[in-house]
Visitor: 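Take this structure, written in structure tokens, and hold onto it; I'll ask about it next.
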Number of protein chains: 2
Amino acid sequence: MFERVLIVEDHESVSNSVKQALNDLGVDNPEHVSYCDYALSWIKKAIVTPQPYDLLITDLSFEEDQTVQQITDGVALIRAVREVQPDLKILVFTAEGRLEVIRPLIEKLGINAYVRKARRDTQELKAAFEAIANGRNYFPLQMKRSERNGHSFNFSTYDITIIRLLAEGKKQKDIPQCLQDNKITPSSLSSLEKRLNQIKDEFSFTTNEQLIAYCKDFKII
Amino acid sequence: MFERVLIVEDHESVSNSVKQALNDLGVDNPEHVSYCDYALSWIKKAIVTPQPYDLLITDLSFEEDQTVQQITDGVALIRAVREVQPDLKILVFTAEGRLEVIRPLIEKLGINAYVRKARRDTQELKAAFEAIANGRNYFPLQMKRSERNGHSFNFSTYDITIIRLLAEGKKQKDIPQCLQDNKITPSSLSSLEKRLNQIKDEFSFTTNEQLIAYCKDFKII
DNA sequence: CTTTTCTTTACGGGAAACCGTAAGACGAAT
DNA sequence: ATTCGTCTTACGGTTTCCCGTAAAGAAAAG
């Protein structure tokens, strides 16, 4: 069982519930912060004590408020934590359900469990906790769902760059200049047009507007 | 104090916390459902018993799953509830922070309290509860924040219609036909262009793409 | 019934986007 | 070095969009 657990969650209502669940599981006094920066500093402090944290439960998205933060989301927090305490077990508890977001966390940052905020999340939370305590990881098959919802198409960073420029109001004919300024190739108007057409073909989109709408809906940009 | 409270919330972690908060406040056994349809039917049933509900705490957004529902969001639920039990006290507990969404609930549907899911939400929840119990309403000034974030511009239903058509991939030149088919005026291409230009001017947008991105970001469409 | 004013529509020139084709650049393999 | 294939760029014709102006229509005022 775990001795020292840190919960990083900005909704008090959720963190309360997580604390309660941990209590039910025999964790005495889970600690809680609602800002990523504090979480990292607490972890750093604890690591040089006889009792560092052995489990981190964190959300991914945090709302900005007047308290300015260096680290503004859970992904950055996890990345930073992995630098200072690579063996810390990490459970991600978030409403985020997109495979494209979660998969890198599993593969690149080696998180140990993922629980989606949903109708039975507390039960899942407990199951994930048990799994980690027994040296296993916990990645529910529910994620398959996201997979079929998901798009087979993979947007490259190049694609995202040009789509983002469009969404910012750049005219198509002005984008080549932007690309050159940022040393991005291909930069010609022709290549741009061709690539945009490929993407739109892929989805049977007729206009750029439709593409932008899609990308916003699925948080591609 | 309230005798019978119904919590409508699809995240178990949140509903647990709300239950706990109600317990702290002396409400014995708050009831809980995670689907809007069930909520309405429970309320309908209770209203013909000696002990109908006297407080409803509901979220606004609910995730769809395999359980198909007639009522898919909290706004529709509240509207339906107001039909069958107009005097029921309603507390909206949601992550939704846009004034354009909340204000109609207050003005048109007469909800009694609004608490935003955030860093101190449980405390706010209790404050809201106390307020309603004492015959007052609870609408925190925090909403002012949303106001200054907010945009003075009001999109008409006409605006939204044409923007939506664009986002669906309709070409500008084909939209007049759509408008005529749906008996929407003005329908001419000129009027369409003029209106789009007005909107874009208002925001200093340069392209339709940028307008679509904006509307998606702020859930106008 | 006029006049005024506002809204909607029609039109036309210029800019941008769309789309196919062809030429050029580059790397890999022979 | 040559060939081949791929990726990038250049160019031109067509369509669509953009934008200003003017005419037509409708509603309110005189």
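These values consider heavy atoms only, across backbone and side chains, with no hydrogens, waters or symmetry-generated copies. Residue numbers start from 1 in every chain, and the chains themselves are labelled A, B, ... in the order their sequence lines are given, proteins ahead of strands.
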Visitor: Could you check how far CG of B/Asn197 sits from P of D/dT21, rounded to whole Å?
Guide: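 B/Asn197 atom CG is separated from D/dT21 atom P by 14 Å.
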Visitor: Find the distance A/Gln177:CD to C/dA16:P and express it as a whole number of Å.
Guide: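 So the CD-P distance, A/Gln177 to C/dA16, works out to 15 Å.
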Visitor: Between B/Ala80 and B/Ile71, which heavy-atom pair has the shortest distance, and what is it?
Guide: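 Answer, listing the atom of B/Ala80 first, then B/Ile71: CB-CD1, 4.1 Å.
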Visitor: Expressed as a whole number of angstroms, how long is the span from B/Ile199:CD1 to D/dC18:P?
Guide: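 Answer to the nearest Å: 13 Å.
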Visitor: Please report the distance, rounded to the nearest Å, between CG in A/Leu165 and P in C/dA17.
Guide: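 Those two atoms, CG and P, are 13 Å apart.
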Visitor: A/Tyr35: what forms a ring pair (Phe, Tyr, Trp, His ring centres under 6.0 Å) with it, not counting sequence neighbours?
Guide: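 Per chain and number, A/Tyr35 pairs via ring pair (Phe, Tyr, Trp, His ring centres under 6.0 Å) with A/Tyr38.
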Visitor: Name the residue closer to the 5' end of DNA chain C, choosing between A/Asp174 and A/Ser190 according to the nucleotide with the nearest heavy atom.
Guide: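 This one resolves to A/Asp174.
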Visitor: Closest nucleotide of DNA chain C for B/Thr185 versus for B/Lys171: which of these residues is on the 5' side?
Guide: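 That would be B/Thr185.
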Visitor: Tell me yes or no: between the side chains of B/Gln70 and B/Asp37, is some donor less than 3.5 Å from an acceptor?
Guide: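 Side chains of B/Gln70 and B/Asp37: no pair found under 3.5 Å.
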Visitor: Counting side-chain heavy atoms from CB outward, which of C/dT9, D/dT8, D/dC17 is closest to B/Ser188?
Guide: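 Between C/dT9, D/dT8, D/dC17, the one nearest the side chain of B/Ser188 would be C/dT9.
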Visitor: Identify whether any heavy atom of A/Lys194 sits under 4.0 Å from a base atom; if not, whether one sits that close to sugar-phosphate; answer base, sugar-phosphate or nothing.
Guide: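 A/Lys194: base contact, heavy atoms under 4.0 Å.
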Visitor: Within the 4.0 Å heavy-atom criterion, would you say B/Ser187 contacts the bases, only the backbone, or no part of the nucleic acid?
Guide: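 Touches sugar-phosphate only.
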Visitor: Counting just side-chain N and O atoms, does B/Ser191 come under 4.0 Å of either OP1 or OP2 of C/dT8?
Guide: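 B/Ser191 to C/dT8 OP1/OP2: no side-chain N or O under 4.0 Å.
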Visitor: Rounded to the nearest Å, what distance is computed from the CG atom of residue B/Leu196 to the C1' atom of nucleotide D/dG20?
Guide: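 In whole Å, D/dG20 C1' lies 17 Å from B/Leu196 CG.
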Visitor: For B/Phe205 and D/dC19, what is the distance between atoms CZ and C1' respectively, to the nearest whole Å?
Guide: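 From B/Phe205 CZ to D/dC19 C1': 20 Å.
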Visitor: Check whether the side chains of A/Asn134 and A/Glu130 place a donor and an acceptor atom closer than 3.5 Å, and report yes or no.
Guide: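 No.
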Visitor: Please determine if B/Glu124 and B/Arg119 form a salt bridge, counting it only when a charged side-chain N lies under 4.0 Å from a carboxylate O.
Guide: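 Looking at B/Glu124 and B/Arg119, the cut-off is not met.
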Visitor: Expressed as a whole number of angstroms, how long is the span from A/Arg195:CZ to D/dT8:P?
Guide: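 Computing the A/Arg195:CZ to D/dT8:P distance gives 10 Å.
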Visitor: Taking the side chain of A/Lys173 as its heavy atoms from C-beta onward, which of C/dA16, D/dT16, C/dC18 lies nearest to it?
Guide: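 The answer is C/dA16, which lies nearest to the side chain.
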Visitor: The side chain of B/Gln172 is closest to which nucleotide in this list: D/dT16, D/dT9, D/dC18?
Guide: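 From the listed options, D/dC18 comes nearest.
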Visitor: If I take atom CD in residue A/Gln198 and atom C1' in nucleotide D/dT6, what distance separates them, rounded to the nearest angstrom?
Guide: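 Answer to the nearest Å: 13 Å.
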Visitor: Can you find an N or O donor on one side and an acceptor on the other, under 3.5 Å apart, linking the side chain of B/Glu193 with the base of D/dC19?
Guide: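 Check passes, donor-acceptor contact within cut-off.
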